[in-house]
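Just below is one structure, and these are the notes that go with it.
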Amino acid sequence: MTRRLPPFRPLIAFDAVARHRSFTRAAEELGVTQSAVSHQVRRLEDFLGVQLLKRLNPGVELSDDGTNLQGELATLLDGIAGLEPSLRRRPGRQTLRVGAGSSLAAWWLVRRLRTFRALHSEIEIDFLPVESEAVGEPSLDVRILWTTLAESRATSLQAPLFRERVFPVCAPSILPRARPLSDPAALLDLPLIQKRHTPSGEWSWAYWFRKLGLKRAEPRGLVLGDMGLCLTAAVEGAGVAIGRSLLVADAISDGRLVPALATAPDVLSTKVHIARWSPDLIGDHNTQVLVSWLAQAAKETSRGVSNGSPS
């Protein structure tokens, strides 16, 4: 007999709301909007034909049906999370479809996937470069996202991976004697590379000018569309770019880039890389192996770059 199963994503959304008694906190845990969580819960209510939540102002309460479902659902989800890895390593689970931004992929991740395969030959990686979770993006098992610190905490659907340092980098050929600048004011004599769309915070040259005590308010130089292009231009000697520690680590190691400043302020990115997986992979062994490896690989890379200088 065919099972009539409730939709899984709405079950996860309801579980989060029921635990937190809040659409806001449930949305933060799941990394989606409050509206999306509310829509998923209503979808589950429509499927079951009962009211699960009493929507108050503020907050929510569980109905009697909601209370009963929460207890049963918690047991079921715990059971799914505790399945033996051997049961999850069936055909179709050996390949993980992974997506990440093109800059992170090209400058750090892809060149390290060979190491992952050598360690875990039983797990195939199908990688796709992606930039958002917009409609029309390909369906992925695991997506590496760049999100705010507040949205980066570990949940049943995501795990924090790494937080990068930020500092200016350039090709050694454009520096006097090919050495990092001891005087930050000398930056003003060099061409500067800026990301498009008026970057703010640590990604803007205006921020760095203030941080370094320099008077100029706006940068003069090349404007490019994304971080990968900025770093490529920097390698080619087009100017100084604001780099990210993971992305520039290999280029610094092989001498294509150097920190532009001999002593740089210790600036951490206000955003954090996380891994987010689909709800049907909650507790999946291969997914957790990949996520743990990503976090460890980033940690090892970060050891080689400290405060913008090679260790």
Side-chain angles (χ1 to χ4, degrees), residues 31 93-134 137-149 151-152 154 157-167 169 195 203 224-235 241-257 268-278 281 284-306 308 310-311:
R93 278 288 181 260
Q94 296 292 337
T95 298
L96 290 174
R97 203 173 197 204
V98 180
S102 57
S103 297
L104 180 69
W107 286 82
W108 183 75
L109 177 58
V110 169
R111 65 186 63 192
R112 286 167 171 78
L113 288 179
R114 182 177 64 176
T115 301
F116 176 79
R117 288 283 291 118
L119 293 171
H120 305 285
S121 58
E122 75 282 7
I123 305 174
E124 295 286 346
I125 300 296
D126 179 8
F127 180 81
L128 292 89
V130 293
E131 300 301 339
S132 71
E133 291 186 292
E137 291 285 4
S139 175
L140 298 168
D141 295 314
V142 180
R143 187 184 298 263
I144 302 174
L145 298 168
W146 207 36
T147 188
T148 63
L149 188 60
E151 296 174 335
S152 67
L157 290 174
Q158 68 181 40
L161 293 177
F162 44 84
R163 187 178 179 189
E164 294 175 277
R165 292 184 179 88
V166 182
F167 51 91
V169 295
K195 281 184 66 178
W203 306 110
L224 297 172
D226 63 31
M227 177 64 72
L229 292 176
C230 290
L231 294 180
T232 298
V235 167
I242 300 171
R244 289 160 38 189
S245 54
L246 285 189
L247 270 61
V248 303
D250 293 343
I252 288 177
S253 177
D254 61 27
R256 289 178 294 139
L257 290 174
L268 284 175
S269 171
T270 52
K271 287 192 171 184
V272 181
H273 284 284
I274 65 170
R276 183 175 294 162
W277 48 89
S278 59
L281 290 178
D284 178 69
H285 174 74
N286 289 348
T287 301
Q288 296 309 310
V289 166
L290 172 64
V291 171
S292 295
W293 175 82
L294 286 168
Q296 182 60 33
K299 184 178 180 180
E300 291 174 359
T301 301
S302 296
R303 291 195 188 110
V305 179
S306 179
S311 61

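Rounding to the nearest 0.5 angstrom, the gap separating the CE atom in M227 from the CD1 atom in I242 is 7.5 Å. Here CG of L161 is found 13.5 Å from NZ of K299. Values are rounded to the nearest 0.5 Å. Here CD1 of I125 is found 8.0 Å from CZ of R117. Values are rounded to the nearest 0.5 Å. Atom CD of Q158 is separated from atom CG of L145 by 8.0 Å, given to the nearest 0.5 angstrom. Distance CD1/I144 to CZ/F162: 6.0 Å, rounded to 0.5 Å.
When all heavy atoms of S103 and G228 are compared, the closest pair comes out as OG-N, 2.8 Å. Nearest heavy-atom pair, S152 versus P160, reported as atom, atom and distance to 0.1 Å: O-CB, 3.4 Å. The shortest heavy-atom contact between A100 and L104 is CB-CD2, 4.3 Å. Minimum heavy-atom separation, R165 to L268: CG-CD2, 3.9 Å. The two atoms that bring A251 and W107 nearest to each other are CB-CZ3, 4.2 Å, heavy atoms only. Contact detail for F127 and G99: the closest heavy-atom pair is CE1-C, 4.1 Å.
In this structure, the side chain of S253 does not engage the main chain of D250 through any donor-acceptor pair within 3.5 Å. In this structure, the side chain of R163 engages the main chain of S269 through a donor-acceptor pair within 3.5 Å. Judged purely by atom type and a 3.5 angstrom limit, E164 uses its side chain to pair as donor or acceptor with the backbone of L246.
Two residues are said to be in side-chain contact when any heavy atoms from C-beta on lie closer than 4.5 Å; L96 and W277 fail this criterion. In this structure, V98 and L113 have side chains that are not in contact, with every pair of non-hydrogen atoms separated by 4.5 Å or more. Residues T270 and L149 are not in side-chain contact: their nearest non-hydrogen atoms beyond the backbone lie 4.5 Å or more apart. Looking at W146 and R244, their side chains come closer than 4.5 Å, going by heavy atoms from C-beta outward. Contact check for D141 versus D126: no side-chain heavy atoms found under the 4.5 Å cut-off. Using a 4.5 Å heavy-atom cutoff, the side chains of V235 and T232 are not in contact.
Under the side-chain hydrogen bond (donor to acceptor under 3.5 Å, both in side chains) criterion, W108 pairs with T301, not counting sequence neighbours. Checked against side-chain contact (heavy atoms from CB on, under 4.5 Å), A233 has the following partners two or more places apart in sequence or in another chain: I193, L222, L224, A238.
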Let me have the donor-acceptor pairs involving side chains of residues 289-297, under 3.5 Å, with sequence neighbours excluded, atom names and distances please.
residue: S292; atom: OG; partner: Q288; partner atom: O; Å: 2.9
residue: Q296; atom: NE2; partner: E300; partner atom: OE2; Å: 3.3

